[in-house]
2 protein chains.
Amino acid sequence: MKRHVTIKDVARVAGVAPSTVSYVLNGSRAVTAETTKAVLEAVDQLKYRPNPTAQGLVSGAYRTIGVVSAQIYSQYRGRVVAGIHSALRGTGYHPIVSGIEDFAEPDEVLETVMGRGVDALIFHDHFFPPERIAELHRQMPVICVAREIDGMPDRSVLVDEVNGGYLATQHLIELGHTRIAHFVADHHFQGAAQRLAGYRKALEEAGIPFDPALVFQGDNLGDSGLRLAYELLESGVPVTAIFAANDYMAYGAILALHRRGLRVPEHISVVGYDDEHTSGFYVPPLTTIRQEPREMGRTAAEAVLKLLRGEVFRTVVTPTRLIVRESTAAPGHAG
Amino acid sequence: MKRHVTIKDVARVAGVAPSTVSYVLNGSRAVTAETTKAVLEAVDQLKYRPNPTAQGLVSGAYRTIGVVSAQIYSQYRGRVVAGIHSALRGTGYHPIVSGIEDFAEPDEVLETVMGRGVDALIFHDHFFPPERIAELHRQMPVICVAREIDGMPDRSVLVDEVNGGYLATQHLIELGHTRIAHFVADHHFQGAAQRLAGYRKALEEAGIPFDPALVFQGDNLGDSGLRLAYELLESGVPVTAIFAANDYMAYGAILALHRRGLRVPEHISVVGYDDEHTSGFYVPPLTTIRQEPREMGRTAAEAVLKLLRGEVFRTVVTPTRLIVRESTAAPGHAG
DNA sequence: CTGTTAGCGCTTTCAA
DNA sequence: TTGAAAGCGCTAACAG
C-alpha cells in the first residue's frame, strides 16, 4: 500500500520550510504571493492532503462531531443525521456516527465515537444512561436531540411533542370521535409522556373525560401495535379511534384491525406519529404527525458549533404538524 | 474542558518510563510482574485510555474501517451496518459510517471517511463511481457489498439476486399466474439486472414467453411503484401479478391498485424484495424475498479483517429466500 | 516575510 | 528487564 504524501514532501518540492506550507494552507500567517503560489503548485502536483489525525494531535481539536443515534433504520432518525451532515458541510467539521444497532452497549458506542477523537457530541438516543451523558458533558460540548438531561440546561433540541399529541387527538375529536385509545411510545423515550400529555390536553379541552382503560403502553415496534390493538379489542372497551405514538405501532394496529375484519377508517380511525417515509404508501395512507427531523439535525449541529466557538446556545423547540391522509374519518362512517 | 490523561502521567504515577507503560499495555515486550502490576494500578487509578489518534499516527494503522452506505434508512441497509459492527466487536477495529444521505457527494463522503484515517473501506452504495472505488482499492483493502467492480476480483460480498428474482417469480407461477409484471429496481443498482434475469429464468423454465410490455423501470421508491402500477393499469396489458424489485415499490403498487379498486391478493398478487421491517405489518402483509443483510455485513467485515492480515478472500454469494405472507394468492381468486 | 525548533501522545528502535 | 530518544505528520512559538 502507498505511503502518504506529507507536508515535508510539499515543502521540498516547493523549496520552502514545512511550516511555511502549513501557514499557506491554514492562512495563519502572512505569506508572499510568490511563496503561496509555489506551495499551492506543489500541493496540486503531489495531491497533498493534510492528515487530520496529525492536525488533531497537535491542536487537540479533531474537527469531528460524534453522533450517537439509536435505531437509525427509522427514516425519521436518518433524517436527523442527514440534517447534521448538511449543517456541518463546509464548516470543516465532520460527523462520525455510531450506535446504529438497537441495543449497542453504551461503552462500546462511546469507544467507537470518542476513541476517534471528537470535539463534541450529539446524542439522539433515549437508551443511553443520562449520568454517562452528563459526565461527558463535563468534558466537551454535548447536545441532545429530543431529550433533556438533568443538570444540562440549554443543551437540547426539542420537539413540541405535547403539541404533536394534542394535534393528533384534536383532529380525531374534530372528526367527532370521543372514544380514542392511545398507544404510548416506548417508556425510555421522554416524548412518550409528552405525547400522552398532549392527548390528555386535547381531551380535557373538549370536555371528554380521560379514561385510563384507553391507554396502552407500547414499545414503538410494529408488533407492539398489533398486540395492543388485539388487547384493546379483547378488552371490550368501545373505541372509534386510535392514536398511536409512532407510525410503526399504527401499522401494527391497522393490521390487527384488518385481521379482525375492521376497516380503517370506516370502522376505526388511526393516527400515527413521525411520518415515516412508508406512511404515505400504506393502505390506507396514514394520517400522522410530522416533525422536522432534518431541521432538528441542522439545529443540533449548529448548536454544537456555537458551543465550540464559546457562544451560548438556548434550548430550542421545533414544531410538529398534522398530516391528514386517509386513515382517519368521522366515526360511525360504516356502521 | 478537561485535559486527557497521557501515558506520561501513568509513567510518573507508576514510577516507570512511558515506554514501559506502552510495553505493558501492548504486551510487546516482556515486563516483570511487579512492574506490570504497578503500571496497571496507575492505569486504573488515573482511568487512562490510550489515545488511538496518537497510536495511529505512529503505527500508520488506525484500527478503523470506513463504511460508505447509501440510503441507510432502509432497514435492510441498516442491518448490513449492524452486521459490520457486530463482526468488528472485540477485534479492536471500529467502523465509521458515512454517506447517510441519499445523494451525498462522493468527494465529501470520502473526505469524511478517509480524513479520519481508515485502514480499509466497505462500500454499500451503488451510486459511488466505480473508478473512484477502484482507485481506493489500490491504496487499501476495499470490499463491496452487493456490487462487483471491474478490476477488483474477490472483493465483494454478493447476494444471490438471480435466485431471488427466480424464487419470487416461481412462487407466482406455482400459484397459477402467467401474466406477471416486473418493476425493475433502480438502474444504478447491479442487482436490478440480476433480479430481472431471475424473473426471466423462471418464466422460461415454465414455458411462459417473456413479454417486454410487462417490465417497467423503477427507482426503488414508493412513489415509483405507485406510478408504475398506474402505468401498467392504463396500458391495458392484462396482468394478474406484480413482482416489484423492492418492498417500497411494492407498497406503492399496492396503494395504486387499492385506489383503482383492485384488492391484493384477490385481484392481483404482489411480491416485493428485501423484507423491510415494515413489510410484515403492511396490509396485506407482504410476500417478499429475504436476504441476510446482517450476515452480509458480518462477512464483509470479516473479509476486510482478512485482507488486513494479508490473507486471501474469495467473493462470497449469500443466499436469498422466499417469505410467503398474504399479498399473493392464486389468480382469479376474486373474479 | 520565512525558517528552525519543540512538542502533541504514542510506539519502537537503540542502549544500557 | 528497563530507560532514553527518535520520530509519526503537523502546528505554533521563537528567532531571525
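Everything quoted here is computed from the prediction, not taken from an experiment. Just so we're on the same page: letters track the sequence lines, and every chain starts at 1.
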*Base, sugar-phosphate, or nothing: which does Thr32(B) touch, judged by heavy atoms less than 4.0 Å apart?*
sugar-phosphate
*asked:* Just to be sure I understand the rule, does Val21(A) reach a base, reach only the sugar-phosphate, or reach nothing, if contact means heavy atoms closer than 4.0 Å?
replied: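 Counting heavy atoms under 4.0 Å across all strands, no contact is made by Val21(A).
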Establish, with yes or no, whether the OP1 or OP2 oxygen of [N] is under 4.0 angstrom from a side-chain nitrogen or oxygen of [X].
{"X": "Thr6(A)", "N": "dG9(D)", "answer": "no"}
{"X": "Ser19(B)", "N": "dT11(C)", "answer": "no"}
{"X": "Asn26(A)", "N": "dT11(D)", "answer": "yes"}

_Interatomic distance where CG belongs to Leu46(B) and P belongs to dG9(C) [whole Å]_ = 14 Å
*Quick one: on DNA chain D, does Ala54(B) or Glu34(B) contact a more 5' nucleotide (nearest heavy atom)?*
Glu34(B)
For the side chain of [X], starting at C-beta, report the closest nucleotide among [options].
{"X": "Ala17(B)", "options": "dG7(D), dT11(D), dA4(D)", "answer": "dA4(D)"}
{"X": "Tyr23(B)", "options": "dG9(D), dG9(C), dT12(C)", "answer": "dT12(C)"}
{"X": "Leu57(A)", "options": "dC10(D), dC8(C), dG3(D)", "answer": "dC8(C)"}
{"X": "Val16(B)", "options": "dT2(C), dC10(D), dG3(D)", "answer": "dG3(D)"}
{"X": "Gln55(A)", "options": "dT11(D), dG3(D), dC10(C)", "answer": "dT11(D)"}
{"X": "Lys8(B)", "options": "dC8(C), dA12(D), dG9(C)", "answer": "dC8(C)"}

*May I ask you to verify whether the side chain of Arg29(B) and the base of dT2(D) hold a donor-acceptor pair under 3.5 Å?*
yes
